[in-house]
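These notes concern the structure reproduced below.
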Amino acid sequence: MFLGAGSTLFENAKRQRHNPTHAEIVLWSYLQQRPLGYKFRRQHPLSIYIADFYCHSLKLIIEVDGNVHAEIETAMKDAERQKNLEAEGLSFIRFTNEQVEKNMGFVIAKIEAYLKSRSH
């Protein structure tokens, strides 16, 4: 599922996969193990956006937000982006860089609780 993402967005996503943040590296080391059997993709194009991590079978986006996301303008853009993607039937889980880097146990517990709630 790419929701009509264009070729330029795919190139941008590819560049972002080659320049992950430390928090993205940490979270990817967990998600690439396919927790509870779910496959995740990183820097995945969706519509006009790029999701940090995406599970197609669950239509789940996991975002890792740095300090810039606390700024009012960025937070407003994030809210609009999330609203637009949720209108397409996608769900979100958000973490801060600090949560991923300093409390990975909490992050894993939250993700696994969500995955278990969606398991058949």
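Residue numbers count from 1 along this sequence.
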Interatomic spacing from NE2 in His56 to CG in Leu46 - rounded to 0.5 Å: 10.0 Å
Compute whether any side-chain donor of one residue and acceptor of the other, for Gln43 and Glu24, lie under 3.5 angstrom apart. yes
Closest approach of Ala23 and Val64, non-hydrogen atoms and distance? CB-CG1, 3.6 Å
Return the minimal non-hydrogen interatomic distance between Lys110 and Ile93, and the atom names on each side. CE-CG2, 4.1 Å
If you compare all heavy atoms of Leu115 against all heavy atoms of Pro35, which two are closest, and at what distance to 0.1 Å? CD1-O, 3.7 Å
Answer whether the closest heavy-atom distance between the side chains of Asn97 and His22 falls below 4.5 Å. no
Considering non-hydrogen atoms only, spot the tightest contact between Glu63 and Asp52 and give its length. OE2-N, 2.8 Å
Run Val26 and Val107 through side-chain contact (heavy atoms from CB on, under 4.5 Å) and show every step you take. CA-CA 11 Å; Val26 171; Val107 171; over 6 Å; no
Check this for me: does any side-chain nitrogen of one of Glu86 and Lys59 sit under 4.0 Å from a carboxylate oxygen of the other? no
I'd like to know if the side chain of Glu88 and the backbone of Asn84 have a donor-acceptor N/O pair within less than 3.5 Å. no
Does any part of the side chain of Ile62, heavy atoms only, come nearer than 4.5 Å to the side chain of Arg94, both counted from C-beta? no
Heavy-atom closest pair (Ile25 atom, Pro20 atom, distance to 0.1 Å) is CG1-CG, 3.6 Å
If you round to the nearest 0.5 Å, how far is CD of Glu101 from CD of Gln99? 11.0 Å
Keeping Asp65 on the side-chain end and Thr96 on the backbone end, is there a donor-acceptor pair under 3.5 Å? no
Within this structure, what is the OG-CZ distance for the pair Ser57 and Arg118, rounded to the nearest 0.5 Å? 12.0 Å
Identified side chain to side chain contact (heavy atoms under 4.5 Å, CB included) partner of Ile61 from the options Tyr54, Tyr49, Phe53, Phe40: Tyr54
For Glu73, give me all partners under salt bridge (charged side-chain N to carboxylate O under 4.0 Å, His left out), at least two apart in sequence or on another chain. Lys77
If we count only N and O atoms by modelled type, under 3.5 Å, do the side chains of Gln32 and Arg42 hold a donor and an acceptor together? no
Without hydrogens or angle criteria, can the side chains of Tyr30 and Glu112 be said to hold a donor-acceptor pair below 3.5 Å? yes
